[in-house]
Amino acid sequence: MSALQLYNSLTRKKEVFTPIDPDHVRLYACGPTVYNYAHIGNARMAVVFDLLARVLRTQYAKVTYASNITDVDDKIMAASEETGASINEITEKYTKIYNDDMAALGCALPDIQPKATAHIGDMIKIIEDLIARDHAYASDGHVLFHVPSFEKYGGLSGRSRDEQIAGARVEVASYKKDPADFVLWKPSSDNEPGWESPWGYGRPGWHIECSAMSAVHLGLPFDIHGGGADLKFPHHENEIAQSCCASGSEDDLSGFAKVWVHNGFVTVEGEKMSKSLGNVQLAHDLAQKYPGPVLRLALLSAQYSKPLDWTEQRIGEAGKLYEKLQRALADDGDASGAPDAALVEALCDDLNTPLAFVRLNELLKDAGRAPGVLRASLDLLGVVVVPAEAAAVESDPAIDALVAERSAAKADKNFARADEIRDQLAAQGIEIIDTPDGAQWKRV
RNA sequence: GGCGCGGUGGCAGAGUGGCUAUGCAGCGGAUUGCAAAUCCGUGUACACCGGUUCGACUCCGGUCCGUGCCUCCA
């Protein structure tokens, strides 16, 4: 069996993955803030870590994959004010939509999907620990992490505290001892969501939730922590600071999580997705328009850590691959088999999905002989191939009549008439496909 | 400005110190009455300039260009 190698952002090297406990591999990935539909970038993260969990499961008997739902956040509050819907209505609605949409993309539900609001007590506990260890202080209703108290701060992103301040875009607030200090807890007004705490009524800062949920559900240190590349700083840097300092691991940045995996950014037709450009591609919309497996194939068509440009052409190519798979697996048949060794090997090499797809194409040519291997390989990739529906899903008396007339002409060897009808329908965007079971047609 | 990442054939996208993937598109052919599908064949591409080397797309240095983060962000 090939050894799994992963690029570790913390060490900046590709490393052979060695679990802390081979009997139980633990993976955490930062999940979405549920205030809106997930976009294709969120979907990439979900697909990448779903795949990583699947690959891990081929090698280890027990794998726990946790990915959180952030359900307390200022953006959610803003959405609530805007729409008049309650916070709960919003978070419940978009959590369900997120899970449904990711399921369409072939993502299994994480083993644990903790919600921030269910872990406020755990967060308060960590904050208290940090205060007790002189890494945090209360000030003006806020509690802040004191960055200068953690010498190794910045080790993940390669950014020193001074450099962070040099950017001069960090919020300089009167209650901060140091401009780099970040919020662990902040006060809420009466009409804002909040919880009672030793520092008064308030709510947690953004970073603390992941420190709390990962520790509670996985224990420290755990094996792999993942998320989008943009989370590296400040989110993951701050998670490390909180978790290492609260757990007495100030000297070892890997005292929180051993391996850090970051997936690359998604652009759309060469441009950054943004509301102002109006080019945000929602997973929900895409899933209405294309089969989920096609989207998954498209998302995996570049290696996870590389940037991915989301284009019509890419979806089109994924669509063609999917159609080939559908044809190859049209007959139920041998469902047994293990995933192809070369494909597994490609995935074990830092999830090299493009290389795995090369193998997939070879398997496709051999599908007649070894459909079981192809099925098992697709299973591992999380690509669920659903047989194509019989072509003519719609019915149109005029077209059906012409198709029937053409079939009759063919039977009479009147090919001139048959071709005439083909051309006529083609002009209307109708394609006739002859099959052993008769002619079918579809709009193209 | 600081910290990163990357520049590979028409497009996408792996990879390797020497044998130069793969997919899509294109072209040629087989097959099919014609199509579709399928199959076969076909492209010495690795930003630029130096260096190391018997040999570099691959290692080192520099240049140019693109891009991400540094503020909420997957």
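What you see is a predicted model; the values in this text were computed from it and never measured. Per chain, numbering begins at 1; letters A, B, ... match sequence-line order.
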Please report the distance separating the P of B:C11 from the corresponding atom of B:A47, rounded so that it comes out in whole Å. 14 Å
Nearest to the A:K365 side chain among B:C24, B:A74, B:C39, which nucleotide is it? B:C39
For A:Q5, I'd like to know if atom CD has over 12 heavy atoms of other residues, nucleotides or ligands within 6.0 Å. yes
Pairing check on B:C59: which nucleotide meets the Watson-Crick or G-U wobble criteria with it, both distances under 3.5 Å? B:G51
For the pair made of CG in A:D434 and C1' in B:A35, what is the distance, rounded to whole Å? 7 Å
Remember a base hit wins even if backbone is also touched, and classify A:G41 as base, sugar-phosphate or nothing at under 4.0 Å, heavy atoms. base
Separation of atom CD1 in A:I433 from atom P in B:A37, rounded to whole Å: 9 Å
Integer angstrom distance from the C1' of B:A45 to that of B:G7: 13 Å
Distance, rounded to the nearest Å, where A:D230 contributes CG and B:C69 contributes P: 7 Å
Using modelled atom types and a 3.5 Å cut-off, is there a donor and acceptor pairing between side-chain atoms of A:R314 and backbone atoms of A:D309? yes
When we call it a touch if two heavy atoms are under 4.0 Å apart, what does A:L321 touch: a base, just sugar-phosphate, or nothing? nothing
Would you indicate whether the side-chain heavy atoms of A:S139 and A:K177 approach each other to under 4.5 Å? no
Provide, to the nearest angstrom, the distance between the CG atom belonging to A:N352 and the C1' atom belonging to B:A21. 11 Å
Take atom CG of A:D366 and atom C1' of B:C39, then tell me their distance rounded to the nearest Å. 14 Å
C1' atoms of B:U44 and B:G9, separation to the nearest Å: 10 Å
Mind checking A:R422 for me? I need base, sugar-phosphate or nothing, with any heavy atom below 4.0 Å counting as a touch. base
Roughly how many Å apart are B:U42 and B:U32, using the C1' atom of each and rounding to a whole number? 23 Å
Spell out, as yes or no, whether a donor-acceptor pair under 3.5 Å connects the side chain of A:S67 to the backbone of A:A29. yes
Taking only the side-chain nitrogens and oxygens of A:R359, find out if one of them lies under 4.0 Å from OP1 or OP2 of B:U22. no
Planes under 30° and centres closer than 5.5 Å, is that true for A:F357 with the base of B:G23? no
Can you check the distance between B:A12 and B:G18, where both ends of the measurement are the C1' atom (answer in whole Å)? 28 Å
Applying a 4.0 Å non-hydrogen cut-off, can you work out what A:G264 is touching in the nucleic acid: base, sugar-phosphate, or nothing? base
Which whole number of Å gives the distance between the C1' atom of B:C64 and that of B:C49? 10 Å
Determine: side-chain N/O of A:K272 to OP1/OP2 of B:C69, distance under 4.0 Å, yes or no. yes
Contact class for A:Q303 (heavy atom, under 4.0 Å): base, sugar-phosphate, or nothing? sugar-phosphate
State which of B:G33, B:A36, B:A74 makes the closest approach to the side chain of A:F415. B:G33
Separation of the C1' atoms in B:C70 and B:A14, to the nearest angstrom: 31 Å
Sugar-phosphate only, base, or nothing, as touched by A:V48 at under 4.0 Å among non-hydrogen atoms: nothing
Who is the Watson-Crick or G-U wobble partner of B:U38, with both distances under 3.5 Å? B:A30
Picking from B:A12, B:G23, B:A14, which would you name as closest to the side chain of A:R314? B:A12
Which comes earlier along RNA chain B counting from the 5' end, the contact point of A:Y304 or that of A:S157, where each point is its nearest nucleotide? A:S157
Assess the pair A:H207 and A:H235: is the distance between their ring centroids shorter than 6.0 Å? yes
Return the value, rounded to whole Å, for the distance between atom NE2 of A:H262 and atom C1' of B:G68. 13 Å
Inter-nucleotide C1' distance (B:C46, B:A56), Å rounded: 11 Å
For A:K306 and B:G4, is the shortest distance between a side-chain N/O and OP1 or OP2 below 4.0 Å? no
Taking the side chain of A:K410 as its heavy atoms from C-beta onward, which of B:G23, B:G33, B:A21 lies nearest to it? B:G33
Measuring from atom NZ of A:K306 to atom CD of A:Q303, what distance do you get when rounded to the nearest 0.5 angstrom? 5.5 Å
Mind checking whether A:H119 and A:H217 have ring centres under 6.0 Å apart? yes
base_contact_polar (B:G33 base, A:D419 side chain, donor-acceptor, <3.5 Å): yes
Just say parallel, tilted or perpendicular for the rings of A:F233 and A:Y153, cut-offs at 30° and 60°. perpendicular
Counting only Watson-Crick or G-U wobble pairs whose two distances fall under 3.5 Å, which nucleotide matches B:C69? B:G2
Give A:H39 one of three labels, base, sugar-phosphate or nothing, depending on what nucleic acid heavy atoms sit under 4.0 Å from its own. base
Assign each of A:L308 and A:G228 the nucleotide of RNA chain B bearing its closest heavy atom; nearer the 5' end lies the nucleotide of A:L308
Heavy atoms from C-beta onward define the side chain here; which of B:C72, B:C69, B:G23 lies closest to that of A:K324? B:G23
As its Watson-Crick or G-U partner within any shown strand, both distances under 3.5 Å, B:C24 has B:G10
In whole angstrom, what separates A:D349's CG from B:U22's C1'? 16 Å
When all nucleic acid strands are considered with a 4.0 Å heavy-atom cut-off, which category describes A:T267: base, sugar-phosphate, or nothing? nothing
Could you check which nucleotide pairs with B:U16 in any of the strands shown, counting Watson-Crick or G-U wobble with both distances under 3.5 Å? none
Specify the separation, in whole Å, of atom CG of A:L355 and atom P of B:G13. 15 Å
Would the distance check show the side chain of A:S80 and the main-chain N or O of A:I76 forming a donor-acceptor pair, the cut-off being under 3.5 Å? no
For A:R406 and B:A35, is the shortest distance between a side-chain N/O and OP1 or OP2 below 4.0 Å? no
Respond yes when some side-chain nitrogen or oxygen of A:K320 is under 4.0 Å from OP1 or OP2 of B:A25, and no when none is. yes
